There are 2 protein chains.
Amino acid sequence: MYSIGQVSEMFHLPVSTLRYYDKEGLFPYMERRSGIRRFSERELEALRVIECLKKSGLEIKEIKQFMAWCVEGPATYPERKALFETRKQAVEEEMLRLQKTLDMLKFKCWYYETAIRVGSEDRLNEMLPDHLPPEIQKLYDSAHA
Amino acid sequence: MYSIGQVSEMFHLPVSTLRYYDKEGLFPYMERRSGIRRFSERELEALRVIECLKKSGLEIKEIKQFMAWCVEGPATYPERKALFETRKQAVEEEMLRLQKTLDMLKFKCWYYETAIRVGSEDRLNEMLPDHLPPEIQKLYDSAHA
DNA sequence: GTAATACCTAAACCTGACTTTATGTCAAGA
DNA sequence: TCTTGACATAAAGTCAGGTTTAGGTATTAC
């Protein structure tokens, strides 16, 4: 069993955030001893899931719904599975978008590197978008697709 | 030259957002004809860069700083290049974090699939974390690293 | 005994990125 | 002429996800 302060250190989260999550219903099984929260392994696993679902783009109230399903028992396995499937797809799509963003950023890095080398953007822009080195052309196309 | 309504349609952005960006200084070269904004190719390219930098995690006021550098001329090529290098690194790190999130989500998909199959989480948890199929073990390790 | 800590609550506050509202201008079409 | 639609502004409102504040309790350290 852990105090809120210990969990705060373990997860590098402010105490206020843990209390906020609790208030929002994200720890449905949280125990108390004379008013004081006692985090068990169950709450730590909940916190891992919370961080995962948050990174996947879920809002707090949707995570709360998930926790409510957990309380409901085995009848909600399908809902829970469906949620993770949906988040998996969302993250896969996000990674594709990020890859395009990354290609744009790489292109811009090359662009300014070259601008510095030739001394001005103007001479550089004359090359665009038809006279680029092939690997830069690939970045340019990916970013402008 | 395009009207704000045309650009709104081209980029699938509300007119209010474009005006907000303009107010925040994100279109330093924007022209007007009797008070009405006229978007040129320069503004469209600015908008592409805005979307890229936003996805990379930059705030509006930092994007505004970038636009200010563009106005300052070739002397700020190094600052602009450094910005893109930093964003590139940030996005690469974000993609690594997302990959871990994805592994956790895939693990949870397998977990609930199996829970549905065997009828209860409890029998499943007895297998964890030591008796997992190898490819699931890999996801579990990646997600809990 | 008293001072420092760690915990508690409720409620107000904050931030970023927009969005909405209220009000007004202007040109084109019926 | 009059109304419709696209444009404009300033200022207020919204929302999520916390954070801060104000006031209190309980335990430990000196």
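No hydrogens, no waters, no symmetry mates; every other heavy atom, side chains included, goes into these values. The structure displayed is predicted, hence computed values, not measured ones. Here is the naming used below: chain letters follow the sequence lines, and residue numbers restart at 1 for every chain.
- The number of heavy-atom neighbours closer than 6.0 Å to CZ of Phe11(A), taken from other residues, nucleotides and ligands shown, is above 12.
- Atom CG in Asp22(B) sits about 17 Å away from atom P in dA17(C), given to the nearest Å.
- For the residue pair Arg80(A)/Tyr112(B), the side-chain donor-acceptor check at 3.5 Å is satisfied.
- Note on Arg48(A) versus Glu45(A): salt bridge recorded, some NZ/NE/NH1/NH2 to OD/OE distance being below 4.0 Å.
- Between Glu24(B) atom CD and dT9(D) atom C1' the separation is 15 Å, expressed in whole Å.
- The stretch residues 36-71 of chain B comes close to DNA chain D through Ile36(B), Arg37(B), each having a heavy atom under 4.0 Å from the strand.
- Residue-level contact check: Ser34(A) touches neither bases nor backbone, having no heavy atom under 4.0 Å from any strand.
- Of the residues near DNA chain D, Ile4(B) and Lys23(B), the one whose nearest nucleotide (by heavy atom distance) lies more toward the 5' end is Ile4(B).
- For residues 8-21 of chain B, proximity to DNA chain C is found at Pro14(B), Ser16(B), Thr17(B), Tyr20(B), Tyr21(B), defined as any non-hydrogen atom under 4.0 angstrom from a strand atom.
- Between Arg97(A) and Glu94(A) there is a salt bridge, with a side-chain nitrogen of the basic residue lying less than 4.0 Å from a carboxylate oxygen of the acidic one.
- Distance alone, capped at 3.5 Å, places no donor-acceptor pair between the Ser40(A) side chain and the Met1(A) backbone.
- Here the straight-line distance linking atom SG of Cys109(A) with atom CE of Met104(A) works out to 11.5 Å at 0.5 Å rounding.
- In this structure, Phe66(A) has its ring center under 6.0 Å from that of Phe84(A).
- Using a 4.0 Å heavy-atom distance criterion, Arg32(B) is classed as a sugar-phosphate-only contact.
- Side-chain N/O atoms of Ser3(A) include one lying less than 4.0 angstrom from OP1 or OP2 on dC7(C).
- Taken from CG in Leu105(B) to CG in Leu139(B), the straight-line distance is 10.5 Å, to the nearest 0.5 Å.
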